[in-house]
Amino acid sequence: MDLEEARAAALDAAEKLFYTRGIQAVGMDEIRAASGVSLKRLYKLFPSKSELVQACLEARDTRWRAGLATHVESHPDPRDRVLAVYGWLHSWFREPDFRGCAFVNGFGELGAADPSVADVARRHQEAFRAYVTGLVVAAGQPHGSAAAYVLLAEGAIVTAAISGTPEPAREARRAAAQLLDGTADG
């Protein structure tokens, strides 16, 4: 196994274990066993568990945002693109291994103790906020209203993780549609 294959195997194994069981509950030896990468090589690739966690979150961020963008951009109408965010979330929430947001989970576990994890979580959140803001503005809505759409999505993510149902995505989509149509109560 060359260095790139070892890195990919380690990241894949670590990400699955961290997401399923939690970062603090998983040791480097478990990652070694799951990845097939020797402990010596694992520490050569990632000198600390913190660096491995950061790399996992960065890789997840890239995949997550690309998946969202691919789904959203398949909708030609700007209004439909905003609503497609919630459709994509619904699909994600229905995945059998859905355990909530890896960034919220990582921040909750290590954010106060590990600034690098907090930084990755913040960058992910900022990128998501910027993406949704672009969609909302393209749909003819005021820039300042984007925060409401982001909060609907983020609230749906947390609620779906706790409740174990994908329905919060549908509820958030209905509320976003009301905002877009100017019919939201409030």
Side-chain angles (χ1 to χ4, degrees), residues 7-8 11-12 14-16 18-20 23 53-109 111 116-186:
R7 179 179 169 74
L11 283 172
D12 185 54
E15 186 178 348
K16 286 176 184 164
F18 291 155
Y19 188 64
T20 302
I23 296 166
V53 170
Q54 182 178 351
C56 286
L57 289 173
E58 288 169 349
R60 187 175 192 97
D61 173 63
T62 299
R63 277 192 329 277
W64 192 90
R65 290 192 298 123
L68 173 63
T70 297
H71 177 79
V72 167
E73 290 165 18
S74 72
H75 295 79
D77 180 70
R79 181 185 185 283
D80 291 344
R81 285 183 172 188
V82 173
L83 299 178
V85 169
Y86 307 97
W88 186 83
L89 290 175
H90 187 266
S91 295
W92 176 37
F93 299 167
R94 294 183 69 216
E95 292 176 4
D97 66 343
F98 176 72
R99 303 282 182 276
C101 177
F103 303 93
V104 170
N105 297 347
F107 185 84
E109 278 194 75
S116 68
V117 171
D119 288 344
V120 173
R122 285 185 187 108
R123 283 194 308 268
H124 171 77
Q125 185 181 45
E126 288 166 10
F128 179 65
R129 181 175 296 274
Y131 182 70
V132 171
T133 298
L135 296 172
V136 167
V137 169
Q141 300 297 303
H143 185 276
S145 71
Y149 297 89
V150 172
L151 288 173
L152 284 170
E154 290 175 343
I157 293 168
V158 172
T159 304
I162 292 170
S163 68
T165 175
E167 285 310 302
R170 288 193 174 143
E171 294 164 2
R173 185 188 187 287
R174 279 191 293 276
Q178 289 176 338
L179 286 172
L180 286 167
D181 296 338
T183 60
D185 294 332

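Everything numeric in this text was worked out from a predicted model, so none of it was measured. Start at 1 with the first residue, then count along the sequence.
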Engineer: Do Thr20 and Asp97 have side-chain heavy atoms sitting under 4.5 Å apart?
Structural biologist: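 No, every pair of side-chain atoms sits at 4.5 Å or beyond.
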Engineer: Grab the two heavy atoms, one from His75 and one from His71, that are nearest each other, plus how far apart they are.
Structural biologist: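 The answer is ND1-O, 3.1 Å.
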Engineer: For residues Ile157 and Phe98, report the shortest heavy-atom separation together with the two atoms involved.
Structural biologist: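 Heavy atoms of Ile157 and Phe98 come nearest at O-CZ, 4.0 Å.
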Engineer: Do Arg174 and Gln178 have side chains that approach each other closer than 4.5 Å (heavy atoms only, starting at C-beta)?
Structural biologist: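 Not touching, per the 4.5 Å side-chain cut-off.
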Engineer: For a ring-ring contact (aromatic ring centres under 6.0 Å, His included) with Trp64, tell me which candidate from Tyr131, Trp92, Phe103 qualifies.
Structural biologist: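 Only match with Trp64 under ring-ring contact (aromatic ring centres under 6.0 Å, His included): Trp92.
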Engineer: Check this for me: does any side-chain nitrogen of one of Arg129 and Glu126 sit under 4.0 Å from a carboxylate oxygen of the other?
Structural biologist: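 No, no charged N to carboxylate O under 4.0 Å.
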Engineer: In Å, rounded to the nearest 0.5 Å, how long is the span from CD of Glu73 to CG of Leu68?
Structural biologist: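 Between atom CD of Glu73 and atom CG of Leu68 there are 8.5 Å.
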Engineer: Are the side chains of Leu180 and Tyr149 in contact, using a 4.5 Å heavy-atom criterion?
Structural biologist: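 Heavy-atom side-chain distance check passes, below 4.5 Å.
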Engineer: Do other residues, nucleotides or ligands put more than 12 heavy atoms under 6.0 Å from Arg99 CZ?
Structural biologist: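 Atom CZ in Arg99 is crowded, with more than 12 foreign heavy atoms closer than 6.0 Å.
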Engineer: Using every non-hydrogen atom in the two residues, find where Ala156 and Ala172 come nearest and quote the distance to one decimal.
Structural biologist: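 Shortest heavy-atom contact: CB-CB, 4.0 Å.
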Engineer: Distance from Phe93 atom CZ to Glu167 atom CD, nearest 0.5 Å?
Structural biologist: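 With rounding to 0.5 Å, CZ (Phe93) is 11.0 Å from CD (Glu167).
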Engineer: Between Tyr19 and Arg60, is there a cation-pi geometry (under 6.0 Å to ring centre, at most 45° from the normal)?
Structural biologist: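 Yes; both conditions hold, so Arg60 lies above the ring face of Tyr19.
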Engineer: Can you see which heavy atom on Thr133 is nearest to which on Ala146, and at what distance?
Structural biologist: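 Answer, listing the atom of Thr133 first, then Ala146: OG1-CB, 3.3 Å.
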Engineer: Nearest 0.5 Å, please: how far is CG in Asp80 from CG in Leu135?
Structural biologist: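 Atom-to-atom, Leu135:CG and Asp80:CG are 11.5 Å apart.
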Engineer: Over all heavy atoms of both residues, which pair between Leu11 and Ala55 is shortest? Give the atoms and the distance, please.
Structural biologist: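 Scanning both residues, the minimum pair turns out to be CD2-CB, 3.6 Å.
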Engineer: Taking Gln54 for its side chain and Ser116 for its backbone only, find out whether a donor-acceptor pair lies under 3.5 Å.
Structural biologist: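 No; zero donor-acceptor contacts below 3.5 Å.
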Engineer: Using a 6.0 Å cut-off, check whether atom CZ of Arg173 has over 12 heavy atoms from anything other than its own residue.
Structural biologist: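 It does not: Arg173 CZ has 12 such atoms or fewer within range.
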Engineer: Taking C-beta and beyond as the side chain, do Leu179 and Leu152 meet within less than 4.5 Å on heavy atoms?
Structural biologist: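 A side-chain contact exists here, since the closest heavy-atom pair is under 4.5 Å.
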Engineer: Measure the spacing between NE2 of His90 and CD of Glu171 and express it to the nearest 0.5 Å.
Structural biologist: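 The distance works out to 10.0 Å.
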Engineer: Indicate the atoms forming the closest heavy-atom contact of Ser163 with Pro168, along with that distance.
Structural biologist: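 Closest approach of Ser163 to Pro168: OG-CG, 4.2 Å.
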Engineer: Just so I know, are the side chains of Asp61 and Val120 near enough to count as touching, which here means a heavy-atom distance under 4.5 Å?
Structural biologist: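 Answer no - side chains too far apart.
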Engineer: Is there a side-chain contact (heavy atoms from CB on, under 4.5 Å) between Phe107 and Leu57? Walk through the geometry before answering.
Structural biologist: CA-CA 11 Å; Phe107 185 84; Leu57 289 173; over 6 Å; no
Engineer: Can you check whether Val82 reaches Arg79 side chain to side chain, under 4.5 Å on heavy atoms?
Structural biologist: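 With C-beta onward as the side chain, the pair stays apart.
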Engineer: For Thr70 and Gly67, indicate whether the former's side chain and the latter's backbone hold a donor-acceptor pair under 3.5 Å.
Structural biologist: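 Side chain of Thr70 to backbone of Gly67: no pair is present.
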